[in-house]
Amino acid sequence: MRVALHTRVRADRIAAYEQAHREVPEELTAAIRAAGATGWTIWRSGADLFHLLEVEDYPRLLAELGGLPVNLAWQARMAELLEVVHDYSADGAGAPLPVVWQL
């Protein structure tokens with residue numbers, strides 16, 4: 001399944017956000033893959049971030065990553081940089097952007 005998300009980086013933290021994503025821990029990327037993701041791309045337009053995940057089961061991904069120490073550390077780092085954060089709670093499974101049109 002494809003899941004699209006929207007988050008927002010703090011305008012004064014864009015450089016730090018991009019730097020952090022050049023240093024994503026291998027342990028975290030391995031955990032994301034193990035939770036069923038085959039791809040995760042993030043685009044930035046100004047401070048708006050658009051994510052596209054290719055994942056077997058998005059609620060399962062959230063459940064598996066939610067309490068994982070490497071993800072908790074990453075989310076704490078992101079919380080310092082983002083105005084709108086990615087929601088790893090059970091409610092976050094309802095956060096994807098709805099499909100409006102597709103070719």
So for atom CD, which belongs to Gln19, do other residues, nucleotides or ligands contribute more than 12 heavy atoms lying within a distance under 6.0 Å? yes
Hey, does Val55 have a side-chain heavy atom less than 4.5 Å from the side chain of Val3? yes
All heavy atoms of Ile14 vs all of Val9, minimum pair found to be CG1-CG1, 3.6 Å
Please determine if Glu80 and Arg10 form a salt bridge, counting it only when a charged side-chain N lies under 4.0 Å from a carboxylate O. no
Nearest heavy-atom approach of Ser45 to Phe50 is CB-CE1, 4.3 Å
Do His51 and Leu53 have side chains that approach each other closer than 4.5 Å (heavy atoms only, starting at C-beta)? yes
Distance in Å, Thr41 OG1 paired with Arg2 CZ, rounded so as to fall on 0.5 Å steps: 11.5 Å
Below 4.5 Å, heavy atoms only, C-beta onward: do Leu28 and Asn71 meet side chain to side chain? yes
Could you measure the distance from the CD1 atom of Ile42 to the OH atom of Tyr17? Nearest 0.5 Å is fine. 3.5 Å
Measure up the Trp74 and His21 rings against each other and bin them: parallel (under 30°), tilted (30 to 60°), perpendicular (over 60°). perpendicular
Taking all non-hydrogen atoms of both residues into account, name the closest pair between Leu72 and Gly67 and its distance. CD1-O, 3.6 Å
Can you tell me how far apart CZ (Arg8) and CG (Leu81) are? Round to the nearest 0.5 Å. 15.0 Å
May I ask you to say whether Glu23 pairs ionically with Arg77, meaning some side-chain N is under 4.0 Å from a carboxylate O? yes
Would you kindly confirm whether Val70 and Leu82 end up in one hydrophobic cluster when ILVMFWY residues are joined by side chain heavy atoms under 4.5 Å apart? yes
Kindly determine whether His86 and Leu62 satisfy side-chain contact (heavy atoms from CB on, under 4.5 Å), including the steps that lead there. CA-CA 10 Å; His86 187 184; Leu62 295 180; 4.0 Å; yes
Which pair of heavy atoms, one from Gly92 and one from Pro96, lies closest together, and at what distance? O-CD, 4.0 Å
Looking only at heavy atoms, what is the nearest atom pair of Val84 and Thr7, with distance? O-CB, 3.1 Å
For Val85 versus Ala79, what's the shortest heavy-atom pair and its separation? CG1-CA, 4.3 Å
What distance do Glu64 atom CD and Ile32 atom CD1 have between them, rounded to the nearest 0.5 Å? 12.0 Å
In terms of heavy-atom contacts, does CZ of Arg60 have more than 12 from other residues, nucleotides or ligands at under 6.0 Å? yes
Would you say the side chain of Leu49 lies within less than 4.5 Å of the side chain of Glu83, judging by non-hydrogen atoms? no
Cluster overlap Tyr58 with Leu97, hydrophobic side-chain contacts below 4.5 Å: no
Joint cluster assignment, Leu5 & Trp43, ILVMFWY side-chain distance < 4.5 Å: no
